[in-house]
Amino acid sequence: MIKIQLEQGPSREEPEGVTPGQALKDLGVAADRQVVAASVDGELLDLTRPLERDCTLAPVRLDSPQGLEIMRHSAAHVMAEAVRSLFPGVKIAIGPAIEAGFYYDFDVPEPFTPEDLARIEKRMAQIVKRNLPFARREVSRDEALRLFQDQGETYKVEILEDIPADQALSLYQQGDFVDLCRGPHVPSTGYIKAFKLTSISGAYWRGDEHRPMLQRLYGTAFATPEELQRHLELLEEAKRRDHRRLGRELGLFLIEEEAGPGMVIYLPKGALLRSLIEDFERREHLRRGYQIVMGPQMLKADLWKRSGHWDNYRDNMYFSQVEETLYGIKPMNCVAHMLIYKSRVRSYRELPLRFFELGTVLRHERSGVLHGLTRVRQFTQDDAHIICTEEQVESEITGVLDFVFEVMAIFGFEYEVELSTRPEKSIGSDAEWELATNALKGALKTRSLPYHICEGEGAFYGPKIDIKLKDALQRRWQCATIQCDFTLPERFDLTYVAADGQRHRPVMLHRVILGSLERFMGVLVEHYAGAFPVWLAPVQVVLLPITDRVHDYAQEIYDLMRAAGLRVELDTRPETLRYKIREAQMQKIPYMVVIGDREAESRTLSPRLRDGTEWKDMPLETFIEWVQEEGRIPTPAKSR
RNA sequence: GCCGGCAUAGCUCAGUGGUAGAGCAGCUGAUUCGUAAUCAGCAGGUCCGGGGUUCGAAUCCCCGUGCCGGCUCCA
């Protein structure tokens, strides 16, 4: 007998080899279809996996993140079975659960069509209805190899060959479909509830563009049809918030083919929004001891050779021949900042030096990756280079982290932190990389921030911390980044004179807070769904006179508000009030001020808010002061 | 860059081998109105570009460009 301890519950003696499913039932845990797997001493197992020794057991329910993931993974297997039965000769590659669903990659002679998607979905429904058990079986390496070789599943064979020899191999089978899989899975196909196939796309085998392009089918699955429905509605909401759509509707920006793909043209309201953000940035950087600098748009190619960009980044750069000399258009702002540092002898007393530039850069992004404002070829970074001593590195990084979090709080973003380490293609010594990586880790530790490590994801010149901010729909965007660089100071022979009178090598940090202003604006538009807070709203107030009789009064109010610094518009078109309100509402203007005979008489205002709230008969001065206050550029609260 | 889809009026879209359409937006006029669309009229097109098939191409084929969804890359 073995002792089964229910997590946070009673325990019980069971015969050796009892299944978690049976044990849970005996322990009084309802054996309905909400329980899809078991957690045994923290390890996720099938409900049918025999238990051999004393353990702590907990049910994994469909409404938990793990339960949902297991069900989605099982749905991927069902999709693969459906595809194989409908498309004989297809080879299956890999099919995991992902954040909002699952996918499976297939090697097929002809790409799938949207009609195929419907057929596959139908076949999956049949498989689910048959409620086939997911049977697990451990096999030897040879047996597994033979099985997949016989089936011609070359991708599975390749996966097998990469699995360490000492690792146990398991197969999962439902119906006559067998897949190599670690598991666990739901007990049977009937556990897969509400699912839907969402899209088709190409994907390289193992993400390598030199390997075959496979066809990837995406799907999603939820515990209930209602949750699936909610998810689909969330996708609809994301579409409504899409900054490309709102950018046009709100008159913020254009991206025109005739101007060039990935080239943003700011319309008046978009340009205003951006300059408000820039004003905020300049003020915050000056407050924190940064110095504003400006570099040229292109620099001689020799400088890019010296910096390492020629060798490591040339493919992403634009060049221009001027008379006899080749110039590189800057893809980064650091090189000019190096020259600023070198413009005179530096003392340790000056360090840290913090050079800030709203620097416009051009990068030749591959054509398939461009996307609205979030991926463009010309963008402006809120870039700074901090040059300091080795001893100052960690506290400078901590300072930048604090800066980032104070700014994120103002815009109302949540975020995640990632630390990226040395990539394959890189410059610098092992010792330098280690020193830099430790400094970044140290700062994260000082602020006790949780973070993920991304091995090999660093920049070619140094490791980095990325802050991925999450928008209102929980999508992640990389904006802020802090990168250590021990190599550029060396390449440009930066030195400072220390207390000992000797020249020493400083360390450099590259960092951005918002990242690309274009990208940040795109994310901001989606985050606020176009309804910007008053301090960022391109138009804060629109005056809506009801009849011609009050146009003079409206004009007077307009002039007063302008003089008071409000961003106000006056709509004197001969349209109905309802019509004007609707338009202002769709433009998401914070305050719509209705002006009729009553207001002209009493010299008051009747503002309507975007949320439909109406304020009656408000004194003019009170309203102006209110909007002035709300429109003030916010000052960050100290985060720590 | 790669895979797939798409490209018709400013926007959203209909039109599938036989005379280019609708709604919204725009313009003109009427309406002077109290919180999300007043009415009428007018104008608006190299059907993405180039080549081909055909008596005839928005429609079929080829090439190119751009966009969309992914992959890869990344602020």
Side-chain angles (χ1 to χ4, degrees), chain A residues 103 105 108 110-114 198-218 242 244-245 248-249 254-258 260-262 313 315-316 331-333 359 361 363-383 420 423 457 459 464 466-468 477-481 483 510-520 522-523 544-551 572-587 592-599 606-610 612-616:
Chain A
Y103 69 78
D105 286 345
V108 273
E110 292 290 314
F112 295 113
T113 66
T198 49
S199 64
I200 313 163
S201 72
Y204 299 108
W205 169 234
R206 302 211 148 163
D208 183 340
E209 60 183 314
H210 304 296
R211 311 213 50 187
M213 172 73 72
L214 306 175
Q215 291 293 310
R216 176 171 298 177
L217 294 181
Y218 285 92
D242 192 317
R244 293 166 297 184
R245 174 200 179 113
R248 187 176 50 241
E249 290 174 356
L254 300 175
I255 298 175
E256 290 287 344
E257 183 181 348
E258 54 183 330
Y313 207 74
D315 293 347
N316 283 301
M332 298 181 194
N333 301 298
V361 297
R363 296 184 185 175
H364 177 216
E365 299 295 343
R366 297 157 104 188
S367 56
V369 306
L370 301 173
H371 181 92
L373 290 181
T374 56
R375 197 67 188 278
V376 293
R377 286 188 171 142
Q378 175 178 316
F379 57 100
T380 299
Q381 296 179 302
D382 58 338
D383 202 2
S420 297
E457 304 272 304
K464 59 177 183 170
D466 290 324
I467 289 99
K468 305 249 160 141
W477 300 88
Q478 176 166 342
C479 290
T481 172
Q483 310 182 341
H510 309 245
R511 48 104 287 186
V512 291
I513 305 295
L514 304 182
S516 140
L517 295 190
E518 281 76 5
R519 173 178 291 179
F520 187 76
V523 177
L544 307 175
I546 296 173
T547 81
D548 300 358
R549 290 189 300 280
V550 294
H551 278 186
T572 54
R573 293 174 304 169
E575 296 290 350
T576 59
L577 179 63
R578 285 166 62 78
Y579 182 87
K580 293 180 186 181
I581 296 250
R582 176 180 153 83
E583 242 177 37
Q585 196 76 46
M586 290 196 306
Q587 286 296 307
M592 291 154 261
V593 174
V594 175
I595 298 174
D597 292 325
R598 199 170 69 224
E599 286 78 15
S606 296
R608 171 197 162 105
L609 278 58
R610 285 181 284 211
T613 310
E614 290 172 36
W615 291 341
K616 291 285 184 203

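Values reported hereafter were calculated over all heavy atoms of this structure, with side chains retained and with hydrogens, waters and symmetry mates removed. To find a chain, count down the sequence lines: A is the first, B the second, and so on, and within it residues start at 1.
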| So what does Val376(A) touch, heavy atoms closer than 4.0 Å: a base, only the sugar-phosphate, or nothing? | base
| Between the side chains of Gln478(A) and Arg519(A), is a donor N or O closer than 3.5 angstrom to an acceptor N or O? | no
| said: For the CD atom on Glu110(A), are there more than 12 heavy atoms of other groups (residues, nucleotides or ligands in this structure) within a distance under 6.0 Å? | reply: no
| request: Using the salt bridge (Lys or Arg N to Asp or Glu O under 4.0 Å) rule, take Asp208(A) and Arg206(A) through it: C-alpha gap first, then chi angles, then the decisive distance, then the call. | output: CA-CA 5 Å; Asp208(A) 183 340; Arg206(A) 302 211 148 163; over 6 Å; no
| Which whole number of Å gives the distance between the P atom of U53(B) and that of C61(B)? | 15 Å
| message | Does C2(B) have OP1 or OP2 under 4.0 Å away from a side-chain N or O of Arg211(A)? | response | no
| request: Considering only atom C1', compute the distance from U54(B) to U59(B) and round it to an integer number of Å. | output: 13 Å
| task | List the protein contact pattern of nucleotides 65-74 of chain B with one symbol per nucleotide (5' to 3'): B for base contact, S for sugar-phosphate-only contact, - for none; contact means a heavy-atom distance under 4.0 Å. | result | SSSSBBBBBB
| Test item: Glu518(A) side-chain N/O and Gln381(A) main-chain N/O as donor-acceptor pair under 3.5 Å | no
| Expressed in whole Å, how much space separates the P atoms belonging to U16(B) and A58(B)? | 13 Å
| Pairing pattern in dot-bracket form [Watson-Crick, G-U; both distances under 3.5 Å; | = partner strand] for RNA chain B | (((((((..((((....[..)))).(((((.......))))).....(((((..]....))))))))))))....
| query | Quantified in whole Å, what is the C1' atom distance between nucleotide U12(B) and nucleotide G56(B)? | reply | 31 Å
| note | Ile581(A) atom CD1 is separated from U35(B) atom C1', nearest whole Å, by 4 Å
| Do side-chain atoms of Gln378(A) reach the backbone of Gly262(A) as a donor and acceptor pair under 3.5 angstrom? | no
| With rounding to whole Å, what would you report as the distance between G66(B) and A22(B) at their C1' atoms? | 26 Å
| Length of the line joining Asp105(A):CG and G4(B):P, which is rounded to integer Å | 15 Å
| task | Measure from the side-chain N and O atoms of Arg377(A) to the backbone N and O of Glu365(A), and report whether any donor-acceptor pair falls under 3.5 Å. | result | yes
| query | Taking the side chain from Gln585(A) and the backbone from Arg610(A), do they hold a donor-acceptor pair closer than 3.5 Å? | reply | yes
| Main-chain N/O of Tyr218(A) paired to Thr198(A) side chain as donor or acceptor, under 3.5 Å | yes
| request: Encode nucleotides 26-34 of chain B as B, S and - characters from 5' to 3', where the letter depends on protein heavy atoms closer than 4.0 Å: B to the base, S only to sugar-phosphate, - to neither. | output: -----BBBB
| task | Using the P atom as the reference point in each nucleotide, state the distance between G18(B) and A57(B) in Å, no decimals. | result | 11 Å
| message | The side chain of Gln215(A) is closest to which nucleotide in this list: A75(B), C11(B), C3(B)? | response | C3(B)
| said: Determine whether Lys464(A) and Asp466(A) satisfy the following criterion, salt bridge (Lys or Arg N to Asp or Glu O under 4.0 Å), listing intermediate values before the conclusion. | reply: CA-CA 6 Å; Lys464(A) 59 177 183 170; Asp466(A) 290 324; 3.4 Å; yes
| query | So how far is it from Lys580(A) NZ to Leu577(A) CG, rounded to the nearest 0.5 Å? | reply | 7.5 Å
| said: Strictly distance-based, threshold 3.5 Å: is any side-chain N or O of Arg211(A) a donor or acceptor partner for the main-chain N or O of Tyr204(A)? | reply: no
| message | Using atom P in both nucleotides, what's the gap between G64(B) and G4(B) to the nearest angstrom? | response | 13 Å
| field | Nearest-Å distance once atom C1' is located in both G17(B) and C11(B) | value | 29 Å
| In Å, rounded to the nearest 0.5 Å, how long is the span from CG of Leu609(A) to CE of Met592(A)? | 7.5 Å
